[in-house]
Amino acid sequence: MSSDIGGRNSVTQRGDSFRPRAWYKVDRSLILDLLPRLRHDIRHMGPQSLLDLDYFFPRAVTQNVPSSILYDAFRYVFAHLEEHSSTGFLNMFELAERQLDTNSNRSREAIRDWGALMHAVCVMLDSQNGLGCSPVLLRHIMDFLEKLFPRVHHILGDEHTMVLFYAFMGIFEYSGGAYQREQLERIWNGFNAGVQTQLLRDMRDAMNVECPGTRERMRRLYGILTSGRLV
């Protein structure tokens with residue numbers, strides 16, 4: 001799996017794992033802005049500016065995400081970044097929202113599938129072990145997760161909710177904005193007391209063992225969730 005930076009301003013992604021689309025052409029400045037960890041891992045670019053995503057992929061797989069779903073996440077994100085490069089608009093979840101809003105026998109299946117995909121997307125964009133997630137991309141994802149979390153919680157249950165939230169914690173970075181805090185508040189207050197208690201307990205435990213960058217990010221998130229406004 002690799003990403004080839006061709007010319008001056010484009011990034012193309014290729015690899016047999018991305019069939020039937022073998023290439024994704026994305027504006028170079030756009031991809032570096034939206035996936036900020038790539039800026040810190042330029043050393044993993046090979047000859048002719050070949051960006052080796054194999055450096056990131058094994059680390060994501062170690063988080064117990066099936067490789068097939070992780071490949072789906074890579075395809076999904078890069079296809080939408082390619083569209084964003086062409087149109088100037090980022091709209092990753094229009095289809096997902098239509099499916100979730102459809103009252104049909106497939107609604108549970110759609111919630112399960114989108115929950116699994118978004119879990120993989122969050123692992124892929126993890127700020128410690130993935131490609132990184134810019135504030136712009138994080139807000140776009142949070143807008144969708146705000147709609148997805150209540151459905152996962154109600155239809156799939158507590159365990160699925162916590163698994164998805166754990167992955168979300170890997171991309172969340174508090175920017176200090178009121179909108180982001182209020183959005184996090186709405187997501188958090190949609191969880192029952194049992195889910196909230198378990199998540200906070202796990203965060204406290206993780207703050208003692210995680211690497212410094214993750215530990216600091218989790219400490220800030222924990223502080224927000226226990227500040228008195230959200231709990």
message = Any heavy-atom pair between the side chains of Val152 and Ile111 that's under 4.5 Å?
response = yes

Leu145, Ile171, Val77, Leu70 screened by side-chain contact (heavy atoms from CB on, under 4.5 Å) with Val121, the one that passes = Val77

query = Below 4.5 Å, heavy atoms only, C-beta onward: do Asp33 and Ser134 meet side chain to side chain?
reply = no

task = Answer with yes or no after comparing the ring centroid distance for Phe165 and Phe168 against a 6.0 Å cut-off, counting only values under it.
result = yes

request  = Assert yes or no for the condition that the ring centre distance of Phe93 to His80 is strictly below 6.0 Å.
outcome  = no

ask   = Considering only heavy atoms from C-beta outward, does the side chain of Gln99 approach that of Asp113 to under 4.5 Å?
value = no

query = Side chains of Ile31 and Phe78: closer than 4.5 Å at any heavy-atom pair?
reply = yes

request  = Treat each ILVMFWY residue as a node, draw an edge where side-chain heavy atoms are under 4.5 Å apart, and state whether Val163 and Phe172 are in one component.
outcome  = no

query = Is any side-chain heavy atom of His119 less than 4.5 Å from a side-chain heavy atom of Tyr166?
reply = no

ask   = Got a salt bridge between Glu94 and Arg98, using NZ or NE/NH1/NH2 to carboxylate O under 4.0 Å?
value = yes

query = With sequence neighbours excluded, what pairs up with Ser127 under the side-chain hydrogen bond (donor to acceptor under 3.5 Å, both in side chains) test?
reply = Arg217

Validation row: Asp101, Arg151 side chains within 4.5 angstrom (heavy atoms) = yes

message = The criterion is side-chain hydrogen bond (donor to acceptor under 3.5 Å, both in side chains); which residues satisfy it with Tyr222, sequence neighbours excluded?
response = Arg204

note = Applying side chain to side chain contact (heavy atoms under 4.5 Å, CB included) to Asp143 and not counting sequence neighbours gives Arg139, Tyr179, Gln183

task = Scan Asn91, Asp27, Leu90, Leu137 and name whichever one has a side-chain contact (heavy atoms from CB on, under 4.5 Å) with His84.
result = Leu90

key: Side-chain touch Leu199/Thr161, heavy atoms, less than 4.5 angstrom   = no

